[in-house]
Amino acid sequence: MTELGVVAWPLAPIRTERLVLRESEARDRAAFIELLASSEVHTYLGGPQPRDELERSVPETPGRRPGLFVIELDGAMIGTVEVSRREAERRGNVRADAGEAELSYLFLPGAWGRGYAAEACAAALDWFAHARPGVPVVLYTQTANARSMRLAARLGFTEVQRFVKWDAEQWMGEWSPVTPLA
């Protein structure tokens, strides 16, 4: 579920040193399709979706839900970051009542390797820590995804468990608002 409880949404854009985190707009549709259709982006996410299907199915204004931010650099969308509540029936909850949130992100390949993911994720985690104090956040990634593993460590996620899913070892980490961002 993407419900964030008492969090007001949409909210004013969040500005970092180089980025703007904001609600999705119609002008972001092409970048959303590119994110979802990119084989590079989906190397560790089960593979890309067919572009022709995305052209038909992606709404005029995609990704409009509480907790999902478009990441903008110099007026253009370069990715998304989302902090959303996890469903109770999903595997690997850290609380018996599934009271945690999950951090997820996608970036266009041209934005990789410049620190944008760390900057955007840190801003989203800071926003969430103030919006929902005390709620832990989890992150999942394949252990083979070295970039994602480094980002999780940099953000202060600590390993909770590893498991095999989709024929690959998965890593689950937890972040709590008291964990300092590195």
Side-chain angles (χ1 to χ4, degrees), residues 1-4 7-87 90-91 101-125 127-128 131 137-152 154-155 165-168 170-172:
M1 104 179 117
T2 57
E3 178 61 42
L4 292 174
V7 175
W9 196 267
L11 56 113
I14 298 170
R15 298 184 186 283
T16 69
E17 184 178 329
R18 302 176 293 172
L19 306 171
V20 176
L21 280 66
R22 60 170 174 77
E23 186 175 32
S24 174
E25 299 172 358
R27 66 184 170 115
D28 302 318
R29 186 175 188 275
F32 266 92
I33 290 171
E34 187 59 35
L35 274 174
L36 298 172
S38 170
S39 59
E40 286 178 278
V41 171
H42 289 273
T43 298
Y44 301 102
L45 299 172
Q49 297 177 40
R51 186 175 297 277
D52 60 334
E53 288 180 23
L54 292 167
E55 291 288 352
R56 287 190 303 274
S57 65
V58 171
E60 182 179 326
T61 305
R64 278 207 121 149
R65 59 184 177 266
L68 186 133
F69 297 93
V70 163
I71 303 160
E72 181 181 294
L73 173 69
D74 298 329
M77 179 180 158
I78 62 168
T80 62
V81 62
E82 183 171 12
V83 185
S84 58
R85 297 294 288 223
R86 288 181 41 83
E87 297 95 4
R90 286 199 52 198
R91 178 182 178 159
E102 182 175 354
L103 175 71
S104 58
Y105 51 89
L106 296 173
F107 282 83
L108 292 168
W112 295 359
R114 295 183 171 94
Y116 299 139
E119 189 173 330
C121 289
L125 287 168
W127 162 78
F128 189 77
V137 180
V138 295
L139 179 146
Y140 292 84
T141 189
Q142 284 188 19
T143 56
N145 188 343
R147 287 177 183 252
S148 190
M149 293 291 293
R150 284 192 303 272
L151 178 59
R154 184 171 178 193
L155 292 170
K165 189 170 184 179
W166 301 298
D167 298 322
Q170 308 294 320
W171 182 90
M172 175 187 170

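Residue numbers count from 1 along this sequence.
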Requested in this report: Could you tell me which non-hydrogen atom of Leu103 sits nearest to which non-hydrogen atom of Val81, and how far apart they are?
Outcome: CD1-CG2, 3.6 Å
Report task. Would you mind reporting whether Leu151 and Thr141 have side-chain heavy atoms less than 4.5 Å apart? Result -> no
Query raised in the report: Is any side-chain N of the basic residue among Glu60 and Arg29 closer than 4.0 Å to the acidic one's carboxylate O?
Result: no
Query raised in the report: Between Leu108 and Met77, which heavy-atom pair has the shortest distance, and what is it?
Result: CD1-O, 3.7 Å
**Report entry** CZ-CD distance between Arg114 and Glu119, expressed to the nearest 0.5 angstrom
**Finding:** 13.0 Å
Query raised in the report: Should Leu21 and Trp127 count as side-chain neighbours, where that means a heavy-atom distance under 4.5 Å?
Result: no
Query raised in the report: Should we say atom CZ of Arg15 is surrounded by more than 12 heavy atoms from elsewhere, each under 6.0 Å from it?
Result: no
Report summary line: Taking every heavy atom of Leu35 against every heavy atom of Gly79, the minimum-distance pair comes out as CD1-CA, 4.1 Å
Query raised in the report: If you round to the nearest 0.5 Å, how far is CD1 of Ile14 from CG of Leu19?
Result: 11.5 Å
Report task. Nearest 0.5 Å please: distance from the CG atom of Asp28 over to the CZ atom of Arg22. Result -> 4.0 Å
Requested in this report: May I ask you to test the Phe32-Leu106 pair for a side-chain heavy-atom distance under 4.5 Å?
Outcome: no
Report task. Please answer whether the main-chain N or O of Glu40 pairs with a side-chain N or O of Thr43 as donor and acceptor at a distance below 3.5 Å. Result -> yes
Report summary line: So OG1 of Thr80 and CD of Glu72: to nearest 0.5 Å the spacing works out to 13.5 Å
Requested in this report: Give the minimum heavy-atom separation between Arg154 and Ala118, together with the two atoms involved.
Outcome: NH1-CB, 3.4 Å
Query raised in the report: Looking at side-chain heavy atoms only, is the closest gap between Phe69 and Val20 below 4.5 Å?
Result: no
Query - Closest heavy-atom pair and its distance - Leu139, Ala152 - result: CD2-CB, 4.0 Å
Requested in this report: Heavy atoms only: give me the nearest Tyr116-Ala111 pair and the separation to one decimal.
Outcome: CD1-O, 3.4 Å
Requested in this report: Please lay out, stage by stage, how Val41 and Trp112 fare under the test side-chain contact (heavy atoms from CB on, under 4.5 Å).
Outcome: CA-CA 10 Å; Val41 171; Trp112 295 359; 4.2 Å; yes
Query - Arg51 vs Glu34, side-chain contact (heavy atoms from CB on, under 4.5 Å): CA-CA, chis, key distance, verdict - result: CA-CA 8 Å; Arg51 186 175 297 277; Glu34 187 59 35; 2.8 Å; yes
Query raised in the report: Hey, what do you get for CG (Asp52) to OG (Ser57), rounding to the nearest 0.5 Å?
Result: 9.5 Å
Query raised in the report: Do Ser148 and Tyr105 meet the criterion of a side-chain donor-acceptor pair at a distance under 3.5 Å?
Result: yes
**Report entry** Whether Ser24 side chain and Arg64 backbone form a donor-acceptor pair below 3.5 Å
**Finding:** no
